[in-house]
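Basis for what follows: all heavy atoms, side chains included, without hydrogens, waters or symmetry-related copies.
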Amino acid sequence: MAGKKHKGSHKAAFPIGMIIALLAAVGLVTIVVSAAKGIGAAVEKSKNYDEYNTLLTPVVLIDPDNFDDITKAQMSELLDISIWSLLRNSDITPDRYESGENGLVVPAEDVEEQFKKLFGTEITPVHATVEGYGYEFTYDEDAGVYNIPLTGIIPIYTPKVVDKTETSDTIVLTVACLAGEGWEQGDDGQMKEPVPDKYIKVTLREKDGNQYISAIQATTAPETATVGSTLPPETEAEPSETQTEEQTEESTSKTATADESNSTENTTET
């Protein structure tokens, strides 16, 4: 299958328990993490980063190109994200969609509905075959369906929201992108997250009571205070023992010099 674009070498096996698969032998995989049912419902007044991580998983999974405005985003990538988001929906049961010789048969109208939940109605989806990294969602225009292959993938990135800022009508999330193949299992059996490859800002804009992805932009790691860069006022005001000794010696030396000078002046006058 053709790849959309090579975003790095991601050939290593993804850790057990974290692989994001489309289908299992018995039907559609039930994803442990709750599905994205639309940003408006999931993040309403929420301050829990875990919910944002869930919502952004199908977004950073494909590592989409940045865009300052949703109207400038690549349609194929928005469709790709919408299909992944739909497949991760916990409401989907193994018998919801039929399986054909080319995989799962998903109606285009379902993809369109998920598209609107994620990106709003400012743009209209233009259905077409989606070529991802190592997979392909084939669009059958005559039947109005997408054929989803029976396969699994290694996500390019997994998200970790590290900061959030809010205004009256937007939420801006700072997201660390963790390489999908970078997770490792520690000696204690726990998964250890990799160092972020990069950071992005995801802007959620509110409209009609819901929130939609309106921009994805590159950014830098959040600033952190440098440990030990400043000292408490009381510490700065107190001289060290060495400083005290040096100052005492200097003071004694200056006093002695002044005494000698005064003595010389007195002798001269006499």
Discussion item. The test is side chain to side chain contact (heavy atoms under 4.5 Å, CB included); show your working for Asp169 and Arg205 and say whether it passes.
Written reply: CA-CA 6 Å; Asp169 60 350; Arg205 189 171 300 279; 4.0 Å; yes

Worksheet item: Is the NZ atom of Lys198 crowded by more than 12 outside heavy atoms at less than 6.0 Å?
Response: yes

Worksheet item: Within a radius of less than 6.0 Å around CG of Asp187, do more than 12 heavy atoms belonging to other residues, nucleotides or ligands occur?
Response: no

Response to the item:
Residues Asn53 and Pro159: closest non-hydrogen pair is O-CG, 3.4 Å

Fill in: Between Asp65 and Gln74: side-chain donor-acceptor atoms closer than 3.5 Å
yes

Fill in: Path from Val145 to Ile148 over hydrophobic side-chain contacts below 4.5 Å
no

Worksheet item: Which distance, rounded to the nearest 0.5 Å, do you find between the OG1 of Thr54 and the CZ of Arg88?
Response: 7.0 Å

Discussion item. Are Val161 and Ile213 connected into the same hydrophobic cluster when the rule is that any two of I, L, V, M, F, W, Y join if their side-chain heavy atoms are below 4.5 Å apart?
Written reply: yes

Worksheet item: Hey, are the side chains of Leu118 and Ile81 touching, using non-hydrogen atoms and a 4.5 Å cut-off?
Response: yes

Worksheet item: With a 4.5 Å limit on heavy-atom distance, are the side chains of Met191 and Glu193 in contact?
Response: no

Worksheet item: Any side-chain heavy-atom pair from Glu122 and Thr71 closer than 4.5 angstrom?
Response: yes

Item to complete: Apply the test side chain to side chain contact (heavy atoms under 4.5 Å, CB included) to residues Lys164 and Tyr52: give CA-CA distance (whole Å), side-chain angles for both, the deciding distance (0.1 Å), then the verdict.
Response: CA-CA 10 Å; Lys164 177 179 72 169; Tyr52 291 114; 3.7 Å; yes

Worksheet item: Among side-chain atoms of Tyr135 and Asp80, is any donor-acceptor pair under 3.5 angstrom?
Response: yes

Fill in: Distance-only polar pair, side chains of Thr57 and Trp84, donor-acceptor under 3.5 Å
no

Worksheet entry | Distance-minimising heavy-atom pair for Ser82 and Phe119 | OG-CE1, 3.6 Å

Worksheet item: Would a 4.5 Å heavy-atom cut-off, applied to side chains only, mark Gln211 and Ile171 as touching?
Response: yes

Practice prompt. Output yes when a side-chain donor or acceptor of Gln185 lies under 3.5 Å from a complementary backbone atom of Gly189, and no otherwise.
Written response: yes

Item to complete: Report the C-alpha distance between Asp197 and Tyr157 in whole Å, list the side-chain angles of each, state the deciding distance to 0.1 Å, and finish with yes or no for side chain to side chain contact (heavy atoms under 4.5 Å, CB included).
Response: CA-CA 9 Å; Asp197 274 3; Tyr157 289 119; 3.4 Å; yes

Item to complete: Determine whether Val126 and Leu79 make a side-chain contact, defined as any pair of heavy atoms from C-beta on separated by less than 4.5 Å.
Response: no

Worksheet item: Run the side chain to side chain contact (heavy atoms under 4.5 Å, CB included) check on Val60 and Ile156 step by step: do they pass?
Response: CA-CA 7 Å; Val60 304; Ile156 296 177; over 6 Å; no

Worksheet entry | Interatomic spacing from OG1 in Thr220 to NZ in Lys201 - rounded to 0.5 Å | 9.0 Å

Worksheet, complete the sentence: Rounding to 0.5 Å, atoms CG (Leu86) and NZ (Lys117) come to a distance of 8.5 Å

Worksheet item: So, do Val172 and Val202 sit near enough that their side-chain heavy atoms are less than 4.5 Å apart?
Response: no

Response to the item:
Between Val195 and Leu178 the two heavy atoms that sit nearest each other are C-CD2, 4.5 Å

Worksheet entry | Shortest non-hydrogen contact between Tyr199 and Pro222, atoms and distance | CE2-CD, 3.8 Å

Worksheet, complete the sentence: Rounding to 0.5 Å, atoms OG (Ser85) and CG (Leu55) come to a distance of 8.0 Å

Practice prompt. Evaluate the side-chain proximity of Ile153 to Leu61: yes if any heavy-atom separation is below 4.5 Å, no if none is.
Written response: yes

Worksheet item: Are Leu87 and Val105 joined in one hydrophobic group, where the rule is that I, L, V, M, F, W and Y side chains link up if heavy atoms are under 4.5 Å apart?
Response: no

Worksheet item: Just how far is it from atom CZ of Arg96 to atom CG of Asp110, taken to the nearest 0.5 Å?
Response: 5.0 Å

Practice prompt. Indicate the atoms forming the closest heavy-atom contact of Tyr139 with Thr129, along with that distance.
Written response: N-OG1, 3.0 Å

Practice prompt. Kindly indicate whether the side chain of Lys207, heavy atoms from C-beta on, has any atom under 4.5 Å from the side chain of Tyr212.
Written response: yes

Worksheet item: Are the side chain of Asp208 and the backbone of Asn210 linked by a donor-acceptor contact shorter than 3.5 Å?
Response: no

Worksheet item: Distance from Leu173 atom CG to Asp163 atom CG, nearest 0.5 Å?
Response: 9.0 Å

Discussion item. To check you understand the geometry: which heavy-atom pair defines the closest contact between Gly182 and Pro194, and what is its length?
Written reply: O-CB, 3.5 Å

